[in-house]
Amino acid sequence: LLLLPPPPPPLVSPSSGLMPSCLASFIPLKAHLPCFVVLLLLFMSVSGTSLPSRKTCIDGLVFGGENLEVNGSFPIYDATAKAALVCRQECFNRENECTSYVYVGDVNGYFCSQTNGTCFLKKLATQAAYNKCACGQAMRVLPQPSPTEIPPQGAKNVLYIVIDDYRPELGLAYDQKLMKTPNLDKLTTDSMVFQRAYCQISVCSPSRMSFLSGRRPDHTKTYNFLNHLRQADCGITASNMSFIGTEVKHISTIQVTQNQGGAGQCCTSCSTYKDCGAWTYQKSSSLCILFGGMTPYPTPIPASNSISGRVGSMNTGSASWITLPQHFYRSGYFTASSGKVFHTEEGGTGPYPWIGNGMPPVQDPLSWSPGFSMMDVNGVAPMAPCDIFHQSNNNGCDISATLEGNVLDGGAPLCDKTIADDAVMKIQIAAKNKRDSNQPFFLAVGFRKPHLPFRFPRPYVDMYPSQESIPIAVHDTMSYSVPPIAHRAATIQHDSDPHLPMNISEAQRYRLYYYSAASWMDSQVGRVLQELEASGLSNETLVVLHSDHGWQLGEHGQWEKFTLWELAARVPFIIKVPWMPETKGKQTNAFTELVDVYPTIVELAGLEPPHDDAPLSGISLVSTLKNASFSARNFTLTQYPRCPQNLSDPAEYYKDNACEFVDRTEFPFMGYSLRVETWRYTEWVRWNGTGLCPIWNDLVGAELYLHPTNEDLNNFDTSENENLVLTHKEQATFLSQMLHAIVDKEIQQRTW
């Protein structure tokens, strides 16, 4: 389910001869619960009918979802913490119907004005959330269909760690001497570090859908927080067009807000609605209007604030693709997730199971063994807000908490501690299942820091020099040689002019808190890696760690992500392959893209590539792992859209230019950046919203930066400070032609 508690002792030991028969093989018999269910019951159960202490009821955790029909909720005439055991016992006794329980009363040291406690027994837990006056626990998973594939002989386990908003700011791996990252440093000594690894788009949701599907954004057609890969494929859609007023029959109207998928969700709703043949999404009213009853359909007519299209398919395009974790699940692996793997915000309104928070919603249920993904990450491990310049215990980002992350001031739990707790539990379950059934596992763990807000235990800021001693970017303003469209208005900068420096004290504080949040994240990564070691399976487990994109800390006058500069595109990328000793402690300068992650993990684990309707964009890195000097590619490609509100003045294109909630058919511009051996070349061009492709002959701005062969990659102040496009025209022309050819080839691989 959503969060698993620490396990009590198992009901029987593997050596007792009493293990259920389904654990003896990869595939359980239909008459039995799936092996994972039996395994979870063993972890949650104890001898006889006694139960462990109330610590198994997770403080603050509540579930939504359907209550059991008979006595699904009932009062307990004791509102103290001990009463939670009564609730747990009742769920424990109803083993064929109760998956989880929630107890509401005076718990966790809070007085909640409860005369009586209340027990809620859940048939299916959904929409987890935090409530300081409650505790909850996932008890078991009800029977679910199992995959039919059997993993190949000798298949390896996978621990896949994704970090949010993290540039290569690691101590040992990337020679950042100021940084305190001891756990990542230890991983580095046993791994190969990829020095030139790059994302394909520098923002969370579309980047994650790119590397988890193995395709570039122009192939997934996801560029922001509106579209996800499980939406229907409706082909070409039309902006500022509507079927309202044509000779079509209205059959339904659905409320769909922009943060629920907008036109992409409307397309999906039509594609799953009986007799729907066309749709119109009205942005101003957030209405999805479905039409039917006429074939062929007429051409839509002009209408402002509307987007229209024909019925699509859920069986073609990205909706039918096999994601990286889904490929392992379909190959007979136990697959589980903790934390932010897919994007956790925004979401969709349906159809089931694509309803709820996240992109795809609820962490893509098709990708995981039933009951073992953290479906509602924002409910279980929310990122509590904080004020970086506020010193009080309640609002400050450096909160009163221990090094281990135990909050001392009554504030909300730290999200990465919750995620690490869950991941540790799932490693224990996966390891026991591996020992008992020889079934390999794929566990994905997504940590949320150093994503804003920078909330972490106060001892981590004390690891660094005083704020006044923190160095700021050497080039803390954007050169006038750079086209204004290159800059993205960032929250931290309050839409200020990038040609003017930020207040030095503010810049130092933001940097200090980013470093501290990263060190806090490092400690929780360490807990997961330590649990893997303790499981005894580390020698047969592949460990892959990277971030979803980079981050700027004032370089070029830019903060946060959202750009095409080196620091937004470049990511930390570490692979540990215990059975390949030639990778231990090695570094490579081979060009690497995050789309390469999918084919690399699949090959290292011993699986065949997926059989989809479109090839993966990435290249396996196994040859580079065997020989660090080998590079399978000679470029990397990153893109990002721009949507300035004021289109009349190019000098102000750096202002108010976010595209996160603009429909992809209505982007004014798209930027593409090509990184080659000694250059980075970028073009900002007009966007064809109908064909979702660049208009190369309508150039808005170009950038060319030198990366000399003797460059120190990990000195973040030395490169991309001066645009050379006007002084190196021959080089720019050559790279422009190369860029166009690469992008056009990718777009031609679409299914429409």
Show your reasoning for whether side chain to side chain contact (heavy atoms under 4.5 Å, CB included) applies to D656 and N646. CA-CA 8 Å; D656 195 15; N646 179 12; over 6 Å; no

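- Side-chain contact, T181 with D185: a donor N or O sits under 3.5 Å from an acceptor N or O.
- For W679 and H707, the ring centers are positioned 6.0 Å apart or more.
- Side-chain contact check for Q587 and Q195: at least one donor-acceptor pair (N or O, by modelled atom type) lies under 3.5 Å.
- Two rings, from W520 and Y460, have their centers less than 6.0 Å apart.
- The main-chain N or O of A590 is never found under 3.5 Å from a side-chain atom of S631 such that the two would form a donor-acceptor pair.
- Minimum heavy-atom separation, N723 to P483: ND2-CD, 3.8 Å.
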Give the C-alpha distance, both sets of side-chain angles, the deciding distance and a yes or no for side-chain hydrogen bond (donor to acceptor under 3.5 Å, both in side chains) between S338 and D422. CA-CA 6 Å; S338 301; D422 190 66; 2.7 Å; yes

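- For Y513 and F456, the ring centers sit closer than 6.0 Å to each other.
- Checked by atom type and distance alone, the side chain of N721 pairs as donor or acceptor with a backbone atom of D717 at under 3.5 Å.
- Not a single donor-acceptor pair under 3.5 Å links the side chain of E711 to the backbone N or O of T709.
- The shortest side-chain heavy-atom distance between I485 and N657 does not fall under the 4.5 Å cut-off.
- Separation of the H728 and Y705 ring centroids does not fall under the 6.0 Å cut-off.
- If you take CD on Q639 and CG on L674, they are separated by 12.5 Å, rounding to the nearest 0.5 Å.
- Using a 4.5 Å cut-off on side-chain heavy atoms (C-beta onward), L567 and W551 make no contact.
- Using a 4.5 Å cut-off on side-chain heavy atoms (C-beta onward), T592 and L621 make contact.
- A donor-acceptor contact shorter than 3.5 Å links the side chain of D596 to the backbone of E593.
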What's the verdict on side-chain hydrogen bond (donor to acceptor under 3.5 Å, both in side chains) for R570 and N714, showing C-alpha distance, side-chain angles and the deciding distance? CA-CA 11 Å; R570 187 171 168 224; N714 296 314; 2.8 Å; yes

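- Distance alone, capped at 3.5 Å, places no donor-acceptor pair between the E169 side chain and the Y515 backbone.
- For the pair K449 and Y514, the minimum side-chain heavy-atom distance is 4.5 Å or more.
- With contacts defined as side-chain heavy-atom distances shorter than 4.5 Å, the pair C204/D164 qualifies.
- One finds the CD1 atom of I161 at 10.0 Å from the CE atom of M521 (value rounded to the nearest 0.5 Å).
- At a threshold of 4.5 Å between non-hydrogen side-chain atoms, the residues Y160 and V445 do not count as touching.
- Of the N and O atoms on the side chains of S673 and Y640, not one donor lies less than 3.5 Å from an acceptor on the other residue.
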Worked verdict on Q200 versus H549 for side-chain hydrogen bond (donor to acceptor under 3.5 Å, both in side chains): CA-CA 8 Å; Q200 277 48 79; H549 46 71; over 6 Å; no

Show your reasoning for whether side chain to side chain contact (heavy atoms under 4.5 Å, CB included) applies to F225 and N259. CA-CA 7 Å; F225 298 156; N259 66 357; over 6 Å; no

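- Exactly one of E560, E555, E566 qualifies for a salt bridge (charged side-chain N to carboxylate O under 4.0 Å, His left out) with R167. That residue is E555.
- With a 4.5 Å cut-off on side-chain heavy atoms, F194 and I574 do not count as touching.
- Among all heavy-atom pairs drawn from A401 and V407, the shortest one is CB-CA, 3.9 Å.
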Could you give me the CA-CA distance, side-chain angles and deciding distance for H228 and M209, then say whether side chain to side chain contact (heavy atoms under 4.5 Å, CB included) is met? CA-CA 7 Å; H228 61 78; M209 277 182 279; 3.4 Å; yes

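- R511 places a side-chain N or O within 3.5 Å of a backbone atom of L553 that can act as its donor or acceptor partner.
- Of all heavy-atom pairs between M478 and H499, the closest is O-CD2, 3.1 Å.
- In this structure, CG on D416 lies 11.0 Å from NZ on K340, to the nearest 0.5 angstrom.
- Between T583 atom OG1 and D190 atom CG the span is 8.5 Å, to the nearest 0.5 Å.
- Rounded to the nearest 0.5 angstrom, L704 CG and T682 OG1 are separated by 9.0 Å.
- Checked by atom type, the side-chain pair S373/S337 shows no donor-acceptor distance below 3.5 Å.
- In this structure, D522 contributes its side chain and N183 its backbone to a donor-acceptor pair below 3.5 Å.
- Listed here is the closest heavy atom pair of S207 and C199: OG-CB, 4.1 Å.
- Two residues are said to be in side-chain contact when any heavy atoms from C-beta on lie closer than 4.5 Å; R642 and F667 fail this criterion.
- Surrounding CD1 of I504 are at most 12 heavy atoms belonging to other residues, nucleotides or ligands under 6.0 Å away.
- Neither side chain, N357 nor N378, offers a donor N or O lying under 3.5 Å from an acceptor on the other.
- For the pair N224 and L226, the tightest heavy-atom approach, listed with the atom from each and the gap, is OD1-N, 3.1 Å.
- Between F669 and Y653, the ring planes lie tilted relative to each other; the angle falls in the 30° to 60° range.
- When K561, R208, R448 are each tested for a salt bridge (charged side-chain N to carboxylate O under 4.0 Å, His left out) with D548, only one passes: R208.
- Side chains of Q552 and T563: a donor on one and an acceptor on the other come within 3.5 Å.
- Using a 4.0 Å cut-off between charged nitrogen and carboxylate oxygen, K655 and D497 do not count as a salt-bridge pair.
- Listed here is the closest heavy atom pair of S210 and P217: OG-CD, 3.9 Å.
- Between the side chains of E722 and S479, a donor-acceptor pair is found at a separation under 3.5 Å.
- In this model, a donor atom of one side chain and an acceptor atom of the other lie less than 3.5 Å apart for Y681 and E683.
- In this structure a side-chain-to-backbone donor-acceptor pair under 3.5 Å is missing from Q176 to G171.
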Given the rule in the side-chain hydrogen bond (donor to acceptor under 3.5 Å, both in side chains) test, do S191 and T188 qualify, once you have shown the distances and angles that lead to the verdict? CA-CA 5 Å; S191 308; T188 296; over 6 Å; no

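- Taking the six-membered ring for Trp, F635 and Y198 have ring centres at least 6.0 Å apart.
- For R527, the side chain to side chain donor-acceptor pair (under 3.5 Å) partners at least two apart in sequence or on another chain are D421, Q524.
- Between the side chains of T636 and R196, no donor N or O sits under 3.5 Å from an acceptor N or O.
- Interatomic distance, CD1 of I388 versus CG of D398, reported as 9.0 Å (0.5 Å rounding).
- Electrostatic pairing of E531 and K426 does not count as a salt bridge here, judged by no charged N lying under 4.0 Å from a carboxylate O.
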